[in-house]
2 protein chains.
Amino acid sequence: MKTLRVPEATVTRLSIYSRYLERLDRNGVSSVSSGEIADGVGVSPAQVRKDLAYFGEFGTRGVGYNVKDLMRYTLKILGLDRHWNLILVGAGNLGYALCTYRGFNMRGFSIVGVFDNDLTKIGKRINDLEVLPMESMPEIVKDHNVRIGIIATPTRAAQEVADYMIKCGMQAILNFAPLPLNLPEHVEVRNVDLSVKLEILTFNLGFKSAQNV
Amino acid sequence: MKTLRVPEATVTRLSIYSRYLERLDRNGVSSVSSGEIADGVGVSPAQVRKDLAYFGEFGTRGVGYNVKDLMRYTLKILGLDRHWNLILVGAGNLGYALCTYRGFNMRGFSIVGVFDNDLTKIGKRINDLEVLPMESMPEIVKDHNVRIGIIATPTRAAQEVADYMIKCGMQAILNFAPLPLNLPEHVEVRNVDLSVKLEILTFNLGFKSAQNV
DNA sequence: TAGCTAATGTTATTTACTTCACATAATATA
DNA sequence: TATATTATGTGAAGTAAATAACATTAGCTA
Ligand SMILES: NC(=O)c1ccc[n+]([C@@H]2O[C@H](COP(=O)([O-])OP(=O)(O)OC[C@H]3O[C@@H](n4cnc5c(N)ncnc54)[C@H](O)[C@@H]3O)[C@@H](O)[C@H]2O)c1
Ligand SMILES: NC(=O)c1ccc[n+]([C@@H]2O[C@H](COP(=O)([O-])OP(=O)(O)OC[C@H]3O[C@@H](n4cnc5c(N)ncnc54)[C@H](O)[C@@H]3O)[C@@H](O)[C@H]2O)c1
């Protein structure tokens, strides 16, 4: 095993492997090969082994991998052997969906603070969370040791909200606004851009039709 | 100009360029250089020119690009010089957010059918759309010439829903359920996986801490 | 109109990622 | 215990993508 820069594509796949392993585990499967994982998630067996090789040797030659063990290893690699508290800004439609989504909890995430600047939204409840004014952010962050923030505000507010989050101590941001954020190097940002994904589909549909002509 | 296989990363960036160009256009900017686009969206100028070069020559040497023209070209390349009707299955929290999202309309997308299998949801209204039973899908698809479907159902229903969508004639699927779908070659699928993005953040936070030790 | 500047389009280079191929090791079998 | 089988881990080969470098062309200036 050598430790080099890990491609982001590898991290993405690890996340997918780990969820697939959880599913196998729930179904009582105890052992699995790279080929089976590959089939299950739609990549090549060599890719699975290469991805894992960045982090160590987890299998047994001639046998395969122990599902429970590999599941734990992948979760550990992803930093999911602990609990993560999150905050979210923008209690709109998407914010509401994210707050009520149980899939995050299942991976060890909890949204511990929801913030908005609209007085008609502040004080409202989403599950057991009360929507708070932006001024409460520092306190919540401190109390719950929050390092990751989610932006679900309109595009025009996103940059300003991101700047404020960083002032409040956020080290990583998941941004749903379709706008490239301008942030200091040391802050990790990832965008979730739904329109882009749709447009990849339309591009491909158009491209295919063109090929058929 | 040569026509080769276009990297998906290029298509992704084109989508982002085109939105950035729309913004410039709204702000009354009429001319732009690859360097300015690059700064605006966070890539290198060479990357911008390389991406465009897959599709033709759109600029003027020594001058740059005409914003309106390049915007139209990029939209055309992405297949957005026309209107796209979509259907969505799963009128839950995420489905509701997607149906009410105005950003899709602004790019030429309309959701023309929302389907669910929960009797308590069927008949309810989301904006001007009524939630329909699954049986209505073929009719809606035919009437509105729909080629793209969105899956916003729980994970366990996603594969079955995808299969049904394809039977109804869908050629492309945007899948929000965190599960790799097993579908015929000719159907374009893209997954939007929010947990994966979060887990890239936790991976990077953990990795950084490790480096600091 | 000649010379200068700016910024594209494109080829060359470098870097990154994936696939291939096989030596290695564990287990099963005779 | 030898042999066959299976599937990992990994270096080498191949492919793809990003970056760099530069030749080309448009417009500006004197
Ligand atoms: N809804 C979707 O399906 C969807 C899809 C793709 C992208 N997005 C993006 O996600 C973001 C949210 O979308 P939405 O549909 O939930 O919007 P929304 O309008 O329903 O909600 C936005 C919320 O942000 C709050 N807000 C506005 N400015 C703020 C500020 N400065 N500080 C704090 N809060 C502020 C508003 O009060 C509102 O509650 C948008 O950027 C949108 O482009 C949404
Ligand atoms: N809500 C989020 O923020 C979020 C985040 C990430 C991923 N997701 C994923 O998106 C999907 C939807 O999430 P949600 O929170 O909106 O769930 P939800 O439970 O609120 O909604 C799901 C809807 O699908 C319907 N449904 C179930 N089975 C169906 C079937 N066989 N045919 C037709 N309709 C069916 C249900 O009746 C329900 O209305 C899930 O796969 C979830 O994992 C959601």
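Within every chain, numbering begins at 1; the chains are lettered A, B, ... in the order of the sequence lines, protein sequences first and strands thereafter.
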query = Is any side-chain nitrogen or oxygen of A/Tyr65 closer than 4.0 Å to OP1 or OP2 of D/dG9?
reply = yes
ask   = If you measure only the distance, is there a donor-acceptor pair under 3.5 Å linking the side chains of B/Arg107 and A/Ser195?
value = no
query = Of all the nucleotides listed (C/dA26, D/dT25, D/dA7), which has the minimum atom distance to the side chain of B/Arg61?
reply = D/dT25
Residue mapping more 5' on DNA chain C - nearest nucleotide basis, B/Thr60 or A/Thr60 = B/Thr60
query = Rounded to the Å, how far apart are B/Glu57 CD and D/dA26 C1'?
reply = 13 Å
inquiry  = For a quick test of reading the model: is some side-chain N or O of A/Arg49 closer than 4.0 Å to OP1 or OP2 of D/dT8?
reply    = yes
query = Got a sec: does the CZ of A/Arg102 have more than 12 other heavy atoms crowding it under 6.0 Å?
reply = no
request  = Using a cut-off of 6.0 Å, state whether more than 12 heavy atoms not belonging to B/Arg156 lie near its atom CZ.
outcome  = no
Derivation of the salt bridge (Lys or Arg N to Asp or Glu O under 4.0 Å) call for B/Lys197 and A/Asp193 = CA-CA 11 Å; B/Lys197 293 281 181 152; A/Asp193 199 318; over 6 Å; no
query = Strictly under 6.0 Å, is that where the ring centroids of A/Tyr20 and A/Tyr17 end up?
reply = no
key: Side-chain heavy-atom pair B/Arg190, A/Leu198 within 4.5 angstrom cut-off   = no
query = Would you call the rings of A/Phe58 and A/Tyr73 parallel, tilted or perpendicular if under 30° counts as parallel and over 60° as perpendicular?
reply = tilted
Atom pair distance, as rounded to whole Å: CG in A/Asp39 and P in D/dA7 = 12 Å
Under 3.5 Å, which protein N or O atoms sit close to an N or O of nucleotides 15-19 of chain C? Give each pair with its distance.
from: C/dT18; atom 1: OP1; to: A/Arg13; atom 2: NH1; distance (Å): 3.0
from: C/dT18; atom 1: OP2; to: A/Arg13; atom 2: NH2; distance (Å): 2.9
from: C/dT18; atom 1: O5'; to: A/Gln47; atom 2: OE1; distance (Å): 3.4
from: C/dT19; atom 1: OP2; to: A/Ser44; atom 2: OG; distance (Å): 3.2
from: C/dT19; atom 1: OP2; to: A/Gln47; atom 2: OE1; distance (Å): 3.4
from: C/dT19; atom 1: O4; to: A/Lys50; atom 2: NZ; distance (Å): 3.2

ask   = Within this structure, what is the OH-to-P distance between A/Tyr73 and D/dG9, rounded to whole angstrom?
value = 11 Å
inquiry  = What is the distance, to the nearest angstrom, from the CZ atom on A/Phe55 to the P atom on D/dT8?
reply    = 18 Å
query = Does A/Ser34 have a side-chain nitrogen or oxygen under 4.0 Å from the phosphate oxygens OP1 or OP2 of D/dT8?
reply = yes
request  = Grab the CD1-C1' distance between B/Ile37 and C/dA7 for me, whole Å please.
outcome  = 12 Å
ask   = Can you check the A/Glu36 CD to D/dT8 C1' distance for me, whole Å?
value = 14 Å
